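Note that ligands are numbered from 1 as they come in the structure, with each ligand's atoms numbered from 1 the same way. A quick note: this is a predicted structure, and the numbers were derived from the prediction, not measured.
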Amino acid sequence: MGKITGIAASSGRVAGRAFRIGPAAVKNPVDNLTESNCLNTANDEHFLEAYTTVHNRLATHARDNAIFAAHLEILEDLKERIQIQIMDENRDAVTAVRNTCEEVCALFAGIEDDYLRARSDDIVDICEQLIAALTSKTENPFADMPSGSIILADNLLPSDTLMIDLSKLAGIALKKGSINSHLAILAKNNAIPLVLAVGDGLDEISEGNMIVVDGDKGQIISNPDTALVQELTHLRTIPEKTDPAPAITEDGEHIEVYANAGSFFDVEKAISRGAEGIGLLRTEFIFMQGTRFPDEDEQYTIYSECAKTCKNKPLTIRTLDIGADKQLPYYSIDPEENPAFGLRGIRFSLAFPDIFKVQLRAVLRAAVHGNIRLMFPMITSVAEYNNACIVLENCKQELQKEGKPFAKTLSPGIMIETPASVFLADELAPIVAFFSIGTNDLTQYVLAVDRENPYSENACDSFHPAVIKSLTRVAEAAKIYGTEVSVCGEMASDPQATPILLNLGIRKLSVTSLSIPSIKEKIRKQVIKPPLS
Ligand code: PEP
Ligand code: MG
């Protein structure tokens with residue numbers, strides 16, 4: 001038996017056969033090119049492949065359908081414009097298609113003739129087909145994964161996991177990766193044992209070999225003996241512990257235990273495991289599942305279903321927080337030097353109000369069917385919060401005019417996950433509906449330590465005095481104004497943090513749903529000292 005040590009990121013021990021994913025399978029090959037002319041050529045080739053796919057499809061139908069014949073002509077007309085964007089303006093293929101679509105639709109919008117003006121729908125349809133062809137991975141690298149596999153890879157993105165058949169997956173071992181990454185959060189949510197930052201030692205393991213992933217100790221065991229393999233089941237079994245009873249401290253204080261979720265399935269699981277509500281629905285994971293932005297009705301349906309599943313328990317819907325490691329497969333933001341400091345969270349939503357409004361309208365309408373709360377991510381100023389509220393008010397007015405039922409009194413809370421929001425907690429507390437502290441990002445931004453970087457693992461420490469002082473400041477501001485404050489970052493799921501958070505005056509935690517029983521158990525052993533005066 002040989003042991004390779006990494007970092008334990010999601011608990012559980014499991015034996016299974018190694019299934020290797022090469023770096024190329026999880027990376028867009030266009031990303032690997034640095035010279036801009038190579039990049040342009042690669043993007044042009046990428047576009048031409050998609051163009052040919054759509055062209056062939058339309059040509060087949062064009063023979064006996066005039067609409068498709070017209071679409072084929074439009075597609076041919078768009079080709080040159082898109083290629084100019086790629087070659088002369090250095091756009092990636094998806095952005096080039098999107099820009100061209102907007103340009104041409106704007107031209108059509110100025111036409112007086114109603115019939116011609118309505119042709120912009122055809123342009124949008126064709127461009128969407130091109131984008132779908134550009135973004136759909138031609139091959140699912142996990143398609144042939146046998147049952148009981150342990151995935152070995154350099155790294156994985158949250159969107160990669162959407163292609164994995166979880167019923168066949170035993171565990172994951174990564175060369176890189178980080179404990180605070182969204183991939184690690186997804187693994188924990190789904191009870192998939194995960195060891196990361198294993199390093200080059202992972203290359204020693206051959207495809208198909210029996211190995212053990214020990215997500216408790218952070219070890220990979222190669223050539224395990226038969227007794228160990230027999231002890232561990234080949235297939236991951238999700239420990240279905242539930243704990244529906246409230247968590248009451250020894251001295252009689254009820255601490256609400258909510259759960260974090262990224263899908264309808266997560267919401268269902270969390271409620272059945274004993275969550276008293278959903279403290280964070282990461283809507284970006286829902287957006288990642290499609291090949292285009294979900295429209296208002298699609299979002300309305302999913303949020304309503306989640307709300308109904310919660311019965312009357314609160315469902316906290318966080319507006320889109322894409323950027324950094326959470327990229328949408330069908331939408332590329334222009335390359336950023338420092339994505340974690342770039343266009344993400346509320347900045348993205350305010351920069352693209354059309355996308356933001358679709359989501360807000362869907363949430364407002366769904367809130368008629370349950371106890372929905374709305375939350376904005378990455379707030380850094382009072383102005384940002386107010387601007388987001390103005391967009392929300394506009395949506396309410398629109399829905400009112402259209403006569404559509406919606407929740408008139410929905411008022412939003414915010415994530416506290418930037419140092420700016422900590423410093424402004426006393427200005428934000430009186431105006432927001434609630435605070436939810438995101439210790440994952442707060443730790444990264446307070447300590448200037450990348451949460452995605454395995455080499456800074458020990459440094460990305462939510463127990464660092466500077467992070468604790470930040471939490472103290474927020475809890476104090478919330479207390480002065482009677483504003484609700486909870487914690488939804490991973491720190492809330494760590495039983496070692498429970499006494500600290502309770503002593504700061506925090507009375508609500510939103511945790512990974514699998515940790516509901518252990519956090520409730522820990523709470524029940526606490527005696528709360530008087531909170532800070
Ligand atoms: C956080 O930053 O702590 C948080 C809960 O948000 P996310 O992990 O989705 O960035
Ligand atoms: Mg965050």
Ligand-residue contact atoms, ligand 1 with [X], heavy atoms, under 4.0 Å:
| X | value |
| --- | --- |
| Arg451 | 2 (O), 7 (P), 8 (O), 10 (O) |
| Thr439 | 3 (O) |
| Leu280 | 5 (C) |
| Cys488 | 5 (C) |

ask   = In Glu417, which N, O or S atom comes closest to the Mg ion (ligand 2)?
value = OE1
request  = Using only N, O or S atoms, tell me which atom of Asp441 is closest to the Mg ion (ligand 2).
outcome  = OD2
Specify the protein heavy atom at minimum distance from [atom]: its residue, its atom name, and the distance to 0.1 Å.
| atom | value |
| --- | --- |
| atom 5 (C) of ligand 1 | Arg282 NH2, 3.5 Å |
| atom 6 (O) of ligand 1 | Arg318 NH1, 3.0 Å |
| atom 7 (P) of ligand 1 | His182 NE2, 3.3 Å |

query = Taking all non-hydrogen atoms of both residues, which atom of Val267 and which atom of Cys310 are closest, and how far apart?
reply = CG1-SG, 3.7 Å
message = Just verifying a value: how many Å separate Ile372 CD1 and Leu364 CG, rounded to the nearest 0.5 Å?
response = 9.5 Å
query = Among the heavy atoms of Met415, does any lie under 4.0 Å from an atom of ligand 1?
reply = yes
Flag this pair as yes if the NZ/CZ of [X] is under 6.0 angstrom from the six-membered ring centre of [Y] and inside a 45 degree cone about the axis; otherwise no.
| X | Y | result |
| --- | --- | --- |
| Lys479 | Tyr481 | no |
| Lys508 | Tyr258 | yes |
| Arg365 | Tyr300 | yes |

ask   = Would you say the ring centroid of Phe352 lies under 6.0 angstrom from that of Phe356?
value = no
Donor + acceptor pair across side chains of Thr498, Gln526 (<3.5 Å) = no
message = Applying the salt bridge (charged side-chain N to carboxylate O under 4.0 Å, His left out) criterion to Asp243, which one of Lys522, Arg524, Arg273 satisfies it?
response = Arg524
inquiry  = Lys326 versus ligand 1: do any nitrogen or oxygen atoms come within less than 3.5 Å of each other?
reply    = yes
ask   = Does Glu284 reach ligand 1 with a nitrogen or oxygen that is under 3.5 Å from one of the ligand's nitrogen or oxygen atoms?
value = no
